[in-house]
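This report refers to the structure that appears directly beneath it.
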Amino acid sequence: MLHENIRLAKFFILGVLLQVLVFESWDFLGYIDPIFYIIFLLIYKFDGSQTKFILLSFSLGLIVDLLTQNPGSNTISCLTIGYIRPFLINFSFGVNADVSNGMTSGTRIENRILFASLIILIHHLIYFSISYFSFSAYLNIIKNTILTGILTSILITITLGFMSKR
Amino acid sequence: MQQIINALLKNKKFILFIVLLFLSLIFIRNRSLYHQSKFDQLTTLIAGEIFSATYSINEYLNLKKINNEVLLDNKNLREVLINKNNYDLNDRSNIAFKVFLAKIVKNSIKSSRNYLIINKGKKDSIREEMGIISSKGIIGIVNSVSENYSSAISILNKDLQINAKFKKNNAFGSLNWDGINSNKVKLNDIALINNVNIGDTIVTGGMSTYFPEGILIGVVIDYKIVLEKGYYEIKIELNNKVGNETNVYVLKNKFQNEIKNLE
């Protein structure tokens, strides 16, 4: 339990620091910044307390927003993922939804890809919708969601692949 | 109480999510002027829609009250119009015709001698031989009064004769119904010396004590010259449809008894 908490804290702090210090000013192709901290929302135990997870997701988004001078789009997108994550786990993993660390071991790769894609897509869609906060900017919202989503996915895949090998 | 606590505990994750979402929205509103203005636009829009819907519902629910107010206003204006020659806003004691509001509760146009009943009687100051008009024309004359209701001879009654005249030249005659068509009446006793055209307007003559002068009755739609009598036989189309009227005005002539005594 303690080991699990330390692991979570590690990802939480690492996610925030890398996001704030590295990826927030990465500006790939001039304007795309991947959202790395989302890895915390992916690797949290599938059978862990959801109440705790909602609070942690909210805190994660809030801290990133405060440190990056963002109005609050990270907070709302993380909080929403925190609430809907059990539904996404059931949808993506089906009978394997009860595998504790399903994102790193014990589940099929296509289920993990589906789960990660859904989390990234929904998170980014909410993030950019809140950032633009205007119906007329829907093309920008979709474009940024897709491009940033691709970059985030690549980054997360590399990180998770590295973790699995270890 | 226990059930409420159980329901709260059962949905604690959802409640936590909503509370945190609410806090996030406050956070985002306070940190960004752009989001603040967007939120303000949204809340203004929602408030506007809610108030607009509430206003529409209230307006609908108050229609009866508004209708009564309009009727009362119309009654007062009609009183001014009827007594336009001697109406004094500060002293209504001099006016010749006082106007009362009433509703027709029973009406008939099928018989050759039609009667109608209105929902005002003795206690509302309605008396026999008062004229009844609607906003579009004349309706009849009160012939019997009970405490709360009054019966009236309809203009669509063969026995009723009403003094009427041409608006253009004041040539007057006697109006009565032939018992055939509920929209048409006959104007008799107009001398051949007068010029009659189709479309001429016919109004009340003011020679009787029932109706003041100048109340619209209808227009000429046809006429015949009866040489042997020396009079026209004129067909008038009524301006109002007596069978469809509901709200009417009862006219009380202040000088009716005085004139009748002289006659």
Side-chain angles (χ1 to χ4, degrees), chain A residues 20 24 37 41 44-90 119 122-123 125-138 140-141, chain B residues 1-70:
Chain A
V20 174
E24 200 58 31
Y37 66 76
L41 306 177
Y44 185 81
K45 279 168 70 175
F46 286 3
D47 56 353
S49 157
Q50 203 205 346
T51 311
K52 188 171 128 191
F53 184 64
I54 291 173
L55 288 168
L56 282 172
S57 306
F58 175 74
S59 312
L60 177 69
L62 187 68
I63 291 168
V64 173
D65 274 333
L66 288 171
L67 294 176
T68 58
Q69 303 298 310
N70 216 309
S73 29
N74 289 299
T75 314
I76 292 180
S77 48
C78 283
L79 177 65
T80 311
I81 294 293
Y83 181 67
I84 64 169
R85 191 171 178 265
F87 307 109
L88 298 177
I89 291 172
N90 284 329
I119 293 258
I122 295 169
H123 177 279
L125 196 63
I126 296 169
Y127 176 85
F128 287 111
S129 301
I130 300 287
S131 296
Y132 284 98
F133 215 64
S134 166
F135 287 116
S136 54
Y138 70 97
N140 279 336
I141 293 170
Chain B
M1 191 62 193
Q2 187 63 39
Q3 280 179 334
I4 295 169
I5 293 168
N6 285 343
L8 288 176
L9 285 174
K10 200 178 164 190
N11 296 305
K12 66 175 180 186
K13 289 166 197 162
F14 181 68
I15 293 166
L16 178 67
F17 170 66
I18 294 295
V19 169
L20 292 177
L21 187 67
F22 186 68
L23 289 176
S24 308
L25 291 173
I26 294 173
F27 176 67
I28 204 167
R29 191 181 177 278
N30 288 336
R31 275 172 68 88
S32 160
L33 277 176
Y34 171 72
H35 286 86
Q36 191 175 354
S37 79
K38 285 281 179 183
F39 274 120
D40 289 348
Q41 278 174 20
L42 190 70
T43 47
T44 309
L45 181 78
I46 293 168
E49 288 296 325
I50 291 169
F51 283 124
S52 165
T54 317
Y55 179 76
S56 300
I57 292 166
N58 280 340
E59 202 177 29
Y60 182 76
L61 293 175
N62 286 333
L63 273 181
K64 195 173 176 184
K65 192 181 154 210
I66 293 166
N67 194 26
N68 286 337
E69 283 171 8
V70 171

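FYI, side chains are in, hydrogens and waters are out, and symmetry mates aren't considered; it's all heavy atoms of this structure. Each chain gets a letter, A, B and so on, in the order the sequences are listed, and its residues count up from 1. The structure displayed is predicted, hence computed values, not measured ones.
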Should we say atom CG of Leu63(B) is surrounded by more than 12 heavy atoms from elsewhere, each under 6.0 Å from it?
->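 Counting neighbours around CG of Leu63(B), more than 12 heavy atoms of other residues, nucleotides or ligands fall under 6.0 Å, so yes.
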Inter-residue atom distance [X].[atom1] - [Y].[atom2], 0.5 Å rounding:
X        : Y         : atom1 : atom2 : answer
Ser73(A) : Arg31(B)  : OG    : CZ    : 9.5 Å
Ile28(B) : Ile76(A)  : CD1   : CD1   : 4.5 Å
Thr75(A) : Leu23(B)  : OG1   : CG    : 10.5 Å
Gln41(B) : Ser134(A) : CD    : OG    : 9.0 Å
Thr51(A) : Leu16(B)  : OG1   : CG    : 6.5 Å
Ile54(A) : Leu21(B)  : CD1   : CG    : 11.0 Å

With respect to chain B, which residue among Ser57(A), Gly72(A), Gly61(A) yields the maximal number of heavy-atom pairs within a distance under 4.5 Å?
->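 Among Ser57(A), Gly72(A), Gly61(A), the one with the most close pairs to chain B is Gly72(A).
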Where on [X] is there a heavy atom nearer than 4.5 Å to chain B: the side chain, the backbone, both, or neither?
X         : result
Ser131(A) : backbone
Phe58(A)  : side chain
Phe53(A)  : neither
Leu66(A)  : both
Asn70(A)  : backbone

Non-hydrogen atoms of Pro71(A) and His35(B) that approach each other most closely = CG-CE1, 3.8 Å
Which atom names give the shortest non-hydrogen contact between Thr80(A) and Phe17(B), and what distance separates them?
-> CA-CE1, 3.7 Å
Which portion of Tyr34(B) sits near chain A, non-hydrogen atoms under 4.5 angstrom =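 It is the side chain, since no backbone atom gets that close.
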Partner chain A: residue of Arg29(B), Lys38(B), Lys12(B) with the largest heavy-atom pair count (under 4.5 Å) |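 Winner by heavy-atom pair count: Lys38(B).
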